[in-house]
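A, B, ... follow the sequence lines: proteins, then strands. Residue 1 opens every chain. Values reported hereafter were calculated over all heavy atoms of this structure, with side chains retained and with hydrogens, waters and symmetry mates removed.
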Amino acid sequence: MRDPDDRHTPLDALRASLAAVVEEMAGGAGAGVTSGRRSLVLERPPKPELGDYASNVALAVAKAAGMPPRELAARLGEGMSGRLGEELVRFEVAGPGFLNLFLADAWHRRALAEVLDAGEGFGGGGVGDRGERVLVEFVSANPTGPLHVGHARNAAYGDSLARLLAFHGHDVEREFYVNDAGSQVRKLGESIGALARGEQVPADGYQGDYVQNLLASLTNAASMDAAELGGAAVNVMMGQIMRSLQRFGVAFDHVVYETTLHQPREDLKGAGGGPLSAVEHALELLAQRGHTYESEGALWLRSTEMGDDKDRVLVRSTGEHTYFASDIAYHQAKRERGFERQIDVWGADHHGYMKRMRAAYVALGGQADELEMVIMQLVHLLRGGQRAQMSKRSGEFVTVDDLVEEIGVDAARWFLLSRSHETTIDLDLDLAVRQSSENPVFYVQYAHARIVSMLEKAGAGRVEAALAEIDGDGPDLHPAERDVVKALVALPEEVGEAAQRRAPHRIAAYALDLAQRFTAFYRDCRVVGAEDRQAESLRIALCVASRNALARSLWMLGVGAPEQM
RNA sequence: GCGCCCGUAGCUCAGUGGAUAGAGCGUCCGCCUCCGGAGCGGAAGGUCGCGUGUUCGAAUCACGCCGGGCGCGCCA
C-alpha cells in the first residue's frame, strides 16, 4: 500500500491522524499497524448508525499494547477528538473494540472541496513517484481465425487493466504478440489451398465459412504454396482482428510478429561476430548463464533448476526452434526494451505454461516477480441453457463481432469486466439481448447523462459560481449528500486496490455503487432550484464531482459516458 | 496421478480476518402535479460445497475431503 503522505486525499489525511493517535497511545505496539506493509484499516461501517468511518485498529494492537481493546479504542477516540476538533462530532466504541467516527458536515464540505480541487485527475496517480514502465501483452490470438468471445474477455480485461494502471500512475504500453511462425499457419495455408483446388479440407485443417472468405479475399491463391497462402491469410486475418478490436474499443501501441524474432539484427552481435536473431541471442544468453544442455540431439533449458516440473526443449533434434524458444526471446526483448514489469494476459489453457515461462525469465537474469502472468478463466457460452461450442476448427463459434452486434460494445465490455478475471463466467446468448437492456451499465450511464442535463439546466455560470463557494457554510447536509461525498472520497483507494490486485472489475462495482448513491441523493435533494442558495451550490458541486468520478470510472472500463441517452 | 481456477440467494456474480454476508436479474406488494421513471421504496429468498484447525473474531487463512472447469507434447 501507499504511504499516507504520498497524496493528500481526504481519507489519507483522516488515516494519518488516526495513525498518529495510535502512535501516541500505543507507542511501539502500534508501529506494526501504522507503518507496516499493511496500512491501518479505516472503512465505511456496514450500517449508517455505526458512523461515517470505523477502524479495527484497537482490536489489532490491543494485545501488543497490553490494554483491553475497548479501553484502547476509547483512548484513541479521545485522541481523535483532540486532533480533529469540530470536524469530529463524536465517537463510539462498539462491539469488541471498533472505533466508530461520526464526522461533521464541515469535514464533508472540506472533503468535497478537495475532491474538486484535484479536478478530473482525482483518484489517479496513487503510485506517486514509484510508477513503473509496464508492458501489458494481451489478446495475442493466433492469427488463424476470427476473435471469439474468450478473446473478447481477454481484450476487455487487458485494455481496462492498462487504463487502470496508467491512471494509477504507471507508464503503460499495450502489445499484441502474433504467433505467425508456427505450424498452424502452414496448416491454415493448406486448408485454403485445398479449397482453392476444390478439394476436401484436411481433417486437422481449419474449417468454417471464414476460411472460404479468406480464400475469396486472396488473389492468385491457386498459384501459391501452403506457406505463401498461410502468410497471405495471416495478413488478411490480422487486418480483420484489428478492425474487430478497434470496434471493441481496444487499440495497441505495438504489434510484434513472432517471425521477426527469427530475423538477424545488426544490433545483436554473437560470439562469432555476425548478427544474431532475437531467438539466437536469447539462446546464447541462456547458454552463457549455464542454463542449457544438449541431449538426444536437442537443446534443452534446465528449467527444473528454477522450479519447473521438467526440463524443456528449446531446439528440436530437427534443428527447429520450439514455440517456447521464441517466447523466451520475446520476453528477453521486452526486458531489453526497458520494461520493468511485464504482464501477460493469457487464456485458461495456458496456466500449465506459467512455471516454465517464469523459470526461463529467471534464467535470463530477471526477477521472478517482474513477470506476471494473468490467467483469464473461460467464458461459458450458453444458448437456451445449452452449452454452445467454441471449436475454431469446426467453425462454430461466436465472434467478438457477433457479440458486439447482439448486445453492443458497452454492455459487452461491462458484462465481461464486472466479474473477476479468475472466475469462469456464463454468458447465455439468448438472455444477453434481453438483459442488455437491463444491464447495470445503462443505469450508470444514465446517472451520468442525467447529471450533465442538470448542469446544463443550472447553466455554466451558475456552476462556476457554485464551485467557488462550496467551502463556506450552509444548511445542514442531508444524509444522502454526505453519502455521496463518502462515495466520492473512496475513489482513490478503489483505484489503488483495483490496480494493485489487477482487478478492474472492482471499478465496475464502484461505478454502480456511486451511481446508486447519486440517484438516492437526486431523489431526496432538489438541486437546481433548491430553496437555499448555499444548498444549491453544494449540490451542484456534488453533481460536478460525481460526473467526473462516473466518467473516469467508465473510462477505465472502456465504456462510454454519454451526455444524453 | 499432478497442477491452476472455481463452488456464496431461483439465475448471473461481488465480497482475500471484523459488526445482522451483498448487488443485478427474476418473483411479490407499493410509488409518477416535482431538476431525465432506463427510476424509487418494501418483501420473500442463504447449512457461504463438507469437515478439522488457527484466531478475541473465518465466506475470507491452513490442512483434508466432495463436486465442476481447464491443463499436463521435441504442438502452438
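With C1' as the reference atom, B/rU12 and B/rG26 are 11 Å apart, rounded to whole Å. For the P atoms, the distance linking B/rG24 with B/rA43 amounts to 13 Å, nearest Å. Taking atom P on both nucleotides, B/rU47 is separated from B/rA9 by 8 Å, rounded to a whole Å. Nucleotides B/rC70 and B/rG51 are separated by 28 Å at their P atoms, to the nearest Å.
A/Glu494 meets the side chain to side chain donor-acceptor pair (under 3.5 Å) test with no other residue; sequence neighbours excluded. In this view, A/Gln435 satisfies the side chain to side chain donor-acceptor pair (under 3.5 Å) rule with no residue, not counting sequence neighbours. Looking at residues two or more places apart in sequence or on another chain, you find a ring-ring contact (aromatic ring centres under 6.0 Å, His included) between A/Phe521 and A/Phe518. Partners of A/His478 according to the ring-ring contact (aromatic ring centres under 6.0 Å, His included) rule, which considers only residues two or more places apart in sequence or in another chain, do not exist here. Applying the side chain to side chain donor-acceptor pair (under 3.5 Å) test to A/Arg482 and every residue at least two apart in sequence or in another chain returns A/Asp52, A/Asp105. Remark: A/Tyr330 engages A/Tyr177 in a ring-ring contact (aromatic ring centres under 6.0 Å, His included) (not counting sequence neighbours). For A/Tyr361, there are no ring-ring contact (aromatic ring centres under 6.0 Å, His included) partners two or more places apart in sequence or in a different chain.
Within a heavy-atom distance below 4.0 Å of RNA chain B, the residues of residues 416-423 of chain A found are A/Arg419, A/Ser420, A/Glu422, A/Thr423. Residues from residues 293-305 of chain A lying near RNA chain B, meaning a heavy-atom separation below 4.0 Å, are A/Glu296, A/Ala298, A/Trp300 in numerical order.
Looking at A/Asn56, its side chain comes within 3.5 Å of the base of B/rG18 through a donor and an acceptor atom. With hydrogens and angles ignored, a donor-acceptor pair closer than 3.5 Å exists between the side chain of A/Ser317 and the base of B/rC74.
A donor atom on one side chain and an acceptor atom on the other are not found under 3.5 Å apart for A/Ser160 and A/His505.
Anti is the glycosidic conformation of B/rC48, whose angle departs from 0 by more than 90°.
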Please write out the pairs of protein N or O atoms and N or O atoms of nucleotides 19-25 of chain B separated by less than 3.5 Å, giving the distance to one decimal.
residue, atom, partner, partner atom, Å
B/rA19, N6, A/Asn100, OD1, 3.1
B/rA19, N1, A/Asn100, OD1, 3.3
B/rA19, N1, A/Asn100, ND2, 3.3
B/rA23, O3', A/Gln516, NE2, 3.4
B/rG24, OP1, A/Gln516, NE2, 3.3

Short heteroatom pairs, N/O only, protein and nucleotides 34-36 of chain B, under 3.5 Å:
residue, atom, partner, partner atom, Å
B/rC34, O2', A/Arg526, NH1, 2.6
B/rC35, O4', A/Arg526, NH1, 3.3
B/rC35, O4', A/Arg526, NH2, 3.0
B/rC35, O2, A/Val527, N, 3.4
B/rC35, O2, A/Val528, N, 2.7
B/rC35, O2, A/Val528, O, 3.4
B/rC35, N3, A/Val527, N, 2.9
B/rC35, N4, A/Tyr522, O, 2.5
B/rC35, N4, A/Cys525, O, 2.8
B/rG36, OP1, A/Ser453, OG, 3.3
B/rG36, O2', A/Tyr446, OH, 2.9
B/rG36, O2', A/Arg450, NE, 2.7
B/rG36, O2', A/Arg450, NH2, 3.2
B/rG36, N7, A/Ser453, OG, 2.9
B/rG36, N3, A/Tyr446, OH, 3.3

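Using a 4.0 Å heavy-atom distance criterion, A/Leu427 is classed as making no nucleic acid contact.
For A/Gln377 and A/Thr318, each mapped to the nucleotide of RNA chain B holding its nearest heavy atom, the one lying further toward the 5' end belongs to A/Gln377. Each of A/Ser437 and A/Met354 lies near RNA chain B, and the nucleotide nearest A/Met354 is the one positioned closer to the 5' end.
Atom CZ in A/Arg153 sits about 11 Å away from atom P in B/rC6, given to the nearest Å.
Listed nucleotides B/rA38, B/rG39, B/rC74 differ in distance to A/Phe442; the shortest reach to its side chain belongs to B/rA38.
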For RNA chain B, the dot-bracket pattern of Watson-Crick and G-U pairs whose distances stay under 3.5 Å, | for other-strand partners: (((((((..((((....[...)))).(((((.......))))).....(((((..]....))))))))))))....
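Under 4.0 angstrom from either OP1 or OP2 of B/rG15 there lies at least one side-chain N or O belonging to A/His505.
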